[in-house]
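Here the structure comes first, spelled out in structure tokens, and everything after it is commentary.
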Amino acid sequence: MDRSQHIKTGRRFPVNLYNKIEEKLKSRSEDAQGAAEETNTENKEDTGLVKCPKCGRMVDRARVVKKKYECYECGGYFRVKTNNRIRMVADAKSFEPWFEDMEVSNPLDYEGYEDKLAAAREKTGLNEAVTVGRCKVFGDDIVLGVCDSRFMMASMGHVVGEKITRAIERATQLRLPVFLFCCSGGARMQEGIVSLMQMAKTSAAIKRHGDAGLLYCTILTDPTTGGVTASFAMLGDVIMAEPGALIGFAGPRVIKQTIGQELPEGFQTAEFLVEHGFVDGIVLRENLKKTIRFLIKSHQGTGKKTYADFDSDTGVHFELSEELKELSWKSKPRSAWEKVKAVRQVERPSALDYMDSIFDIFVEAHGDRGFADDKALIGGIGFIEGQPVTVVADIKGKDIKECQERNFGMPLPEGYRKALRLMKQAEKFNRPIISFVNTSGAFCGLEAEERGQGEAIARNLLEMSGLKVPVLCILIGEGGSGGALATAVGNEVWMMENATYSILSPEGFASILWKDSNRAQEASEVMNITAQDLKRLGVIERIIPEFGGADRKTAAAIGGYMKEHIKEFLEKYDKKSGEQIAAERYERFRNF
């Protein structure tokens, strides 16, 4: 799969994400050594067959171990012991455990609890259900936490909460990112209200860590339920999940026994949570270590190039053919109405087509953390010659099926909330923001009104106005009303040569002012909606040439032109403070 295919398909952190830099990031010898040690350890315990928890087949244990505890028959994941999980992601022999000698107590004097703890320690060789410490991932320091379901179903007692809290506090002091593999049956019943307090305690530590501008990521594994999902598991700047993992506040059995409700199949899976906006993406075990490396490098909070060994020639260089040079500013003049029709063509390139020429890498994030993942408005992290940026983009679709999936590029409230979540995250980690705008307008149906469309747009305008990172907005097709403005509050706004940007559609304009939507063509000519009109009015700063018209043949050249000028934009704002950047954006709109 090439990068353009990956960009368009996107819900998993990609298998081939690092095709261009993999050799510089991988530690093949360390991985091989770890795999060998893992296999040898497991074979000492059992060289026979093991039952897959997903498909129920008996499979060869050694082959399962070699595939990182994945069933080679159905692809289902086995649960992983702490040491094996650490071996998957940490550089060899780099893990330094913390707080291993914490005293275990029975805060409620629950009968038999000490015996249960002793049995769990004997069975697992662990002191408690979570192991925390410091390690290296491709040479970078992180704080790592791993929950182990073998220890009382990784339930959250006071020692679990204390170890996680102390680890996050120390990470804050050392200014290190935290990656926590979550797995739990929830709060530990034997500790009652004391266990419940761990939810608030761990959350408070995460807040301080975040306020310090540091990265906190969680990886949800099977199962992650109860009070853990209502605290540290769901508070990551980035939340990932393993395929098929059971994730939910109340498990199926609890729901059935409490209210008698049967959950539909697949209701609380990782995939379900991605679709409903609570998880950024599914991560495969084969990609875990590389994904952690990517997240470290894209959240370092510098806004500068973060790959010291990231060659500048890994990107796409802009070089016009002689034919396109001739076409560059000799495009056939088009009327406003012709431009309206042109930008509505389904064949017109989307932001994804241009992004493949602009960014070395782009990884999509998902969801608004509240309701759904709106496919009409995508967002994620891109690298432009080593510099991380946050990207948001309206996407309409290329055929009728995709157009329907993406709601014809008309975002719902959850789309705008997803964009805002990612933009606020960009501010936290000092990443510039690039917004590609192409929408006929915000969706205006019943469900949009029920979920607060107006409030979602207003909130974006409010928050974008004060962002302390540079924001560049590029209108590549239609810019329809407040639905377009909701992601177009930029320090600079650019338009493609034949794009349009208007208070509403020409049909709507004609209907409101002239009571006749059939006069749309006439309306388009008086509305001043073209790039040339808006440049004259001072609404935009730059017009991007289309080299005869945006299509499949010119998309790479247009993307290359954008890339060169985006680099200039980033360089211009590189020396400015966050306060200055926000003040200039305020003045830009204040002058209208």
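As a basis for the values below, the full set of heavy atoms in this structure was taken, side chains included, without hydrogen atoms, waters or symmetry mates.
- Between Glu286 and Lys67 there is no salt bridge, since none of the side-chain N atoms of the basic residue sits less than 4.0 Å from a carboxylate O of the acidic one.
- Looking only at distances, a side-chain donor or acceptor of Asp368 sits under 3.5 Å from a matching main-chain atom of Ala372.
- Classification of Arg417 and Glu455 as a salt-bridged pair holds, one side-chain N sitting under 4.0 Å from a carboxylate O.
- In summary, of the residues considered (Ile395, Thr487, Leu422), a side chain to side chain contact (heavy atoms under 4.5 Å, CB included) with Leu377 occurs for Thr487 alone.
- Ion pairing of Asp373 with Lys418 is present here, as a side-chain N (NZ or NE/NH1/NH2) and a carboxylate O approach within less than 4.0 Å.
- Here the straight-line distance linking atom SG of Cys147 with atom CD1 of Ile219 works out to 10.5 Å at 0.5 Å rounding.
- Between Asp280 and Arg421 there is a salt bridge, with a side-chain nitrogen of the basic residue lying less than 4.0 Å from a carboxylate oxygen of the acidic one.
- Met199 CE to Thr229 OG1: the interatomic distance, rounded to the nearest 0.5 Å, is 7.5 Å.
- The pair Glu402-Arg406 meets the salt-bridge criterion, since a charged nitrogen lies less than 4.0 angstrom from a carboxylate oxygen.
- Ion pairing between a basic and an acidic side chain is recognised when a charged N comes within 4.0 Å of a carboxylate O; Lys136 and Asp140 show no such pairing.
- Geometrically, Arg166 does not engage Trp98 in a cation-pi contact, judged by NZ or CZ lying under 6.0 Å from the ring centre and within 45° of the ring axis.
- The pair Glu385-Lys563 meets the salt-bridge criterion, since a charged nitrogen lies less than 4.0 angstrom from a carboxylate oxygen.
- Using a distance-only test at 3.5 Å, with no hydrogens or angles considered, no donor-acceptor pair links the side chain of Arg369 to the main chain of Gly277.
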Could you check Tyr69 against Asn84 for side chain to side chain donor-acceptor pair (under 3.5 Å), going step by step and ending with a plain yes or no? CA-CA 9 Å; Tyr69 300 93; Asn84 295 330; 2.9 Å; yes
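- Listed here is the closest heavy atom pair of Thr221 and Cys182: OG1-O, 2.7 Å.
- Under the 4.0 Å criterion applied to side-chain N and carboxylate O atoms, Glu128 and Arg188 are assigned as salt-bridge partners.
- Remark: side-chain polar atoms of Asn407 are paired, donor with acceptor, to backbone N or O of Met410 under 3.5 angstrom.
- Here the side chain of Arg451 pairs no donor or acceptor atom with the backbone of Ala456 at under 3.5 angstrom.
- Among His209, Arg208, Lys207, the one residue that satisfies the side chain to side chain donor-acceptor pair (under 3.5 Å) test with Asp211 is Lys207.
- Exactly one residue among Arg431, Lys424, Gln425, Met423 makes a side chain to side chain contact (heavy atoms under 4.5 Å, CB included) with Glu427. That residue is Lys424.
- Thr202 contributes a side-chain N or O that, together with a main-chain N or O of Gln198, makes up a donor-acceptor pair within less than 3.5 Å.
- Note: Phe294 and Phe138 fail the aromatic proximity criterion, with ring centroids not under 6.0 Å apart.
- Screening residues 228-244 for salt bridge (Lys or Arg N to Asp or Glu O under 4.0 Å), with sequence neighbours left out, gives Arg85-Glu242, Asp237-Lys428, Glu242-Arg285.
- Looking at every heavy atom in both residues, Thr172 comes nearest to Ala212 through CG2-CB, 4.1 Å.
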Output, in order, the C-alpha distance, side-chain angles, deciding distance and verdict of salt bridge (Lys or Arg N to Asp or Glu O under 4.0 Å) for Lys163 and Glu100. CA-CA 9 Å; Lys163 289 181 76 171; Glu100 286 293 279; 3.2 Å; yes
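- Taking the ring centre of Tyr573 as origin, the terminal cationic atom of Lys576 falls inside the region bounded by 6.0 Å and 45° from the ring axis.
- Gln268 places a side-chain N or O within 3.5 Å of a backbone atom of Ala250 that can act as its donor or acceptor partner.
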